[in-house]
Amino acid sequence: MPESAPLIGLGAGKKMVSVDLDADSPHVLISAGSGGGKSTILRTICCQFIHSGAHTFVLDYNDPGPVLRDFDQGDES
């Protein structure tokens, strides 16, 4: 997969599912109920970008308030 198109998972017939953030859109919306795999998909995408040398930020709006996590080469600040 190109660096701009992280692998999200496998679809029917084990076809790779990805979104090209350069060609399609620079944004991705992940929506699912509790236990639907949102955090897993986010970690998967972040790991692929970090592996490619990107600097990744995650803004988490869970209670008690927003938390900013800065992931750089696997280190959590």
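For the single chain, residues carry numbers from 1 onward in sequence order.
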Subject >> Which atom of Gly33 lies closest to which atom of Lys38, heavy atoms considered >> reply: O-NZ, 3.0 Å

Original post:
Cys46 and Thr56: which non-hydrogen atoms are nearest, and at how many Å?
Top reply: SG-CG2, 3.2 Å

Original post:
Looking at OG of Ser39 and CD1 of Ile30, how far apart are the two atoms once the value is rounded to the nearest 0.5 Å?
Top reply: 9.0 Å

**OP:** Provide the closest heavy-atom pair for Ser18 versus Pro6 in the form atom of the first, atom of the second, distance.
**Re:** CB-O, 3.1 Å

Original post:
By side chain to side chain contact (heavy atoms under 4.5 Å, CB included), which residues pair with Thr44, not counting sequence neighbours?
Top reply: Thr40, Gln48

Subject >> Partner residues of Asp20 under the side chain to side chain donor-acceptor pair (under 3.5 Å) criterion, sequence neighbours left out >> reply: Ser4

Subject >> Value rounded to 0.5 Å, distance of CG in Leu10 from NZ in Lys15 >> reply: 11.5 Å

